[in-house]
Structure formats: structure tokens, C-alpha cells
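Data first, discussion second: the structure below is written as C-alpha cells.
These values consider heavy atoms only, across backbone and side chains, with no hydrogens, waters or symmetry-generated copies. Order of the sequence lines fixes the chain letters, A, B, ..., with proteins taken first and strands second; residue numbering starts at 1 for each chain. In this text the structure is predicted, and so the values were computed from the model without any measurement.
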Protein chains: 2
Amino acid sequence: MMRGKVQIKRIEKPTKRQVTFAKRRNGVLKKAHELSVLCDAQIAVMIFSDTGRLYEFSSCNLQEMMQKYHKHGKDVHISKLEVQKYMEELKGDSDSMINEIQFLQLYDRKLVGDGLNSCSYDELDEIQKQMEKSLRTVRERKVQLLAEYVENLRAKEKYLLDESAKPSTDKHKEGTGSLGSEVETGLCIGLPQVRY
Amino acid sequence: MMRGKVQIKRIEKPTKRQVTFAKRRNGVLKKAHELSVLCDAQIAVMIFSDTGRLYEFSSCNLQEMMQKYHKHGKDVHISKLEVQKYMEELKGDSDSMINEIQFLQLYDRKLVGDGLNSCSYDELDEIQKQMEKSLRTVRERKVQLLAEYVENLRAKEKYLLDESAKPSTDKHKEGTGSLGSEVETGLCIGLPQVRY
DNA sequence: AAAGCTATTTATAACTG
DNA sequence: TCAGTTATAAATAGCTT
């Protein structure tokens, strides 16, 4: 018998709270169901008891509800399965990249003569050969750059000699400015600060 | 005035359905709120009208509700915001790893004398110095290994000479087996397949 | 604790302005 | 179409079993 209207505040007595929970929980779920049928509305209700048990009602697939909810610009929810798949993919990429970095770092250390204590004599031999080959390549490249530099200097010298030999009136006619700048440009790019 | 109990089936008259929706919707949301307060329960209610408008109630963060729901082994939903945050983190890691790999790869190519065409003379000079230094380190290490090998050989030679000078009865008393195996072990680990 | 009962409150269908 | 009213159905607090 209802004596006096109920105060909407936490019921402290656990037994009473438990009983009220069971009754009102059913009430809410029933009302939700009725509303969905009577008014052709989509409704989802999720209830967790204070003991952590789940009671739910959904007039349709909850997934759909989430997507609809999402479209309303609220915080968005997507399937965990989908996310997991993507996560694993990223994780795989990440792992293989870490492996590659470690490999490259070890390789680098060996190439600069560090971390060699773990190498066998044969490995050292192989590394030495590689280094000698690389060194030859570097030296060849240096020689090539120097050769280009010398070539540019000769071209410039020739150009200057030709210019000074010509009469001053012809200078603009020949379009000489472009050749001059080509030579200079080549020189600057090739050897900004030469040391040898 | 309620004449007769209501039939729980779709209300066909749109106006009537609309009115009933508004009233019952408020009823459900109110009941949900009361239940959450009275019984200290977590409740979420989502209602979409047939016109697509959203009405909702949640006793706490809906995000939390989803995670709780997830833990109950249902098909799982988690917050997209959360996922996005994690994704961006992974993406950031991934990008920086890609950068590092590219840097290391370029560095490697230069160290083995490839991709040098883009290097300035000064850079080549620097690489050459590094290589010469590394080469010295490798050669020193090879010399060190050879020296250890020779040392081991001498130790073995001495051991064999001592052994053959002793009378055969003393062999077991001296515990010579252990010295012998030490020498051999050191030799094998240091230089498995020597070439020089 | 779970199920049933009943006095009452609460929700709401139909009506009204 | 929207509040407000009212008669009635439905929900439920406190009780009993």
C-alpha cells in the first residue's frame, strides 16, 4: 500500500533497494517496449544493477542504434571487431618497422666500426672488403667532382679570354650572359666549398 | 479518460501517435531517471522518433556504458573518439619510424658508396674520413683476433709439450682435461674459420 | 530471497480550449 | 498544433506468505 508519495533518492536499505530495482526495472523495460510498438520508434535501454548485472531492451539491432546515434553528431561508436582488425594491422606494420630499424641500426654500427666484438673473423673480412670498395667509390666520386671543377674553370677561362679578345660592341649581340651564368652555376652547385 | 485498456500495437493515426509518443517518451525517461537514483543503477536510454529525432537519458557517461556493455561479451562497441586518439598515436609512431627507416637507409647507401651523387665535396670528404676510421677499426679488430688465435696456439703447444714430458700415470691427477678444453674452447669461439 | 496482494500513487488516453 | 484536464489504467511501496 502506497502511504505517501516516494522520495526520489537512493534507497539505503539493500533489500528494499534490490526489490524496488527488480520491479521498476521491469517497468522501464515494459514501457520502452510499449513505446516502440505503439509509436513505431526505435528505442534502446541498457540497465546495469549495482551488482553489475546487465538488463537490456532494444527495439532493433543495437549496432544500428549506435550508428544512428553517431549520425546525430554525438560521440561516435563503431564496431570493436572492425577496430581490432585495423589495430592488428597497424601493430603488424609497427612491429616489422621496429625490426627493420633495429637491423639497420646494427648494420650502421658495424659499418662505422662499432659493435664489431660480436663479429667473427669472416664477418670482419666481409665488412672490410665492403668498406674498401665503398672507399674506392667515394674517392672516385671526389676525383670526378674535382675533374668537373677543373673543366668548369677551363671553360670559364676560355670564355673570359674570348670575351676580352672581342670588340666591346658585340657583347650584347651574342647573348653571352647566358653562357657565363651557366658556367658559374655549374661550378657553384658542384663544389660550393672545395677542399683538397 | 481511459475507456478500456490500451492495445499494444502501432497507432495508425499520425496525430495520435505523435501525441502518445511525446507523453510516453517523457514517461520512460522519467522512469529511467527514477530507477537510476532510487536503486543506484546505471541506465542509458536512447529513443529515436519515427521522424528521426533523438531523445536520450543516461545516468552516467554513455562511453562508460558502452565499455561495460562490451565487457558483458555482447558484440562490442567502443568510443570512436578513444579509437581515433589511439589511432593517431599509432600513426605518429608509424610516421616517425618511417622517417627513421628512410634516414637509416639513406645513410647506409652512403656508407656503402651508393647514392653519393647528391653529396657535396665536403660531405664526401666527411664520409671518406669516417670510412677510413672504420676501416682502421676493422683491421685492428682483425689483428686482435689473430693475436688471440696465436696466443691460443702457443698455449696449446706449451700444454702439449708439458703433457708429453710428464709420466703417463700423472695425467689424471693434474686435472689436465679442463685446461685442454679451455684452450680449445677459446680457440673455437675466437676463430671458427680463419682466413688471412 | 522470491512471489503475490492491495492501497495508493503515477501515467496517460481521450477530451477540451 | 499545442497545453491543460480528467477519468481511468498501470505501476508499485509496503506488506504478507
| Counting only N and O atoms by type, is there a donor-acceptor contact under 3.5 Å from the side chain of B:Arg10 to the main-chain atoms of A:Leu38? | no
| Is the shortest side-chain N/O distance from B:Thr15 to OP1 or OP2 of D:dT1 below 4.0 Å? | yes
| field | Distance in angstrom units between A:Arg24 CZ and D:dA10 C1', rounded | value | 13 Å
| field | Set of residues satisfying salt bridge (charged side-chain N to carboxylate O under 4.0 Å, His left out) with respect to A:Glu140, sequence neighbours excluded | value | none
| request: Would you jot down, in residue-number order, the residues of residues 25-41 of chain A having a non-hydrogen atom under 4.0 Å from DNA chain D? | output: A:Gly27, A:Lys30, A:Lys31
| field | Shortest non-hydrogen separation from A:Cys119 to A:Ile127 and the atoms involved | value | SG-CD1, 4.2 Å
| Taking atom C1' of D:dA13 as reference, at what distance in whole Å does atom CZ of A:Phe21 sit? | 17 Å
| message | Taking B:Lys142 first and then A:Asp125, would you say they form a salt bridge - that is, a charged N and a carboxylate O separated by under 4.0 Å? | response | yes
| task | Please state how far atom CD1 in A:Ile8 lies from atom P in C:dT9, giving the value in whole angstrom units. | result | 14 Å
Protein and nucleotides 4-9 of chain D: nitrogen or oxygen contacts under 3.5 angstrom:
from  : atom 1 : to     : atom 2 : distance (Å)
D:dT8 : O3'    : B:Met2 : O      : 2.9

| request: For A:Glu132, check salt bridge (charged side-chain N to carboxylate O under 4.0 Å, His left out) against everything at least two apart and list the hits. | output: B:Arg139
| note | B:Gln18 atom CD is separated from D:dA3 atom P, nearest whole Å, by 11 Å
| request: Let me know, please, whether A:Lys16 or B:Val19 comes out on the 5' side of the other along DNA chain D by nearest nucleotide. | output: B:Val19
| field | Set of residues satisfying salt bridge (charged side-chain N to carboxylate O under 4.0 Å, His left out) with respect to A:Lys158, sequence neighbours excluded | value | A:Asp162
| request: Let me know the distance between CD1 of A:Ile11 and P of D:dT12, rounded to the nearest Å. | output: 12 Å
| query | Quick one: A:Gln7 CD to C:dT8 P, roughly how many Å, whole number? | reply | 18 Å
| Criterion side chain to side chain contact (heavy atoms under 4.5 Å, CB included) against B:Val138, the qualifying member of A:Gln130, A:Glu123, A:Met131 | A:Met131
| field | Which atom of B:Leu145 lies closest to which atom of A:Ser120, heavy atoms considered | value | CD1-C, 4.4 Å
Going by atom type alone, with no hydrogens or angles, which donor-acceptor pairs under 3.5 Å involve a side-chain atom of residues 25-37 of chain A and a protein atom two or more places apart or on another chain?
from    : atom 1 : to      : atom 2 : distance (Å)
A:Arg25 : NH1    : A:Tyr55 : OH     : 3.4
A:Asn26 : ND2    : A:Ala22 : O      : 3.2
A:Glu34 : OE1    : B:Arg24 : NH1    : 2.7
A:Ser36 : OG     : A:His33 : O      : 2.7

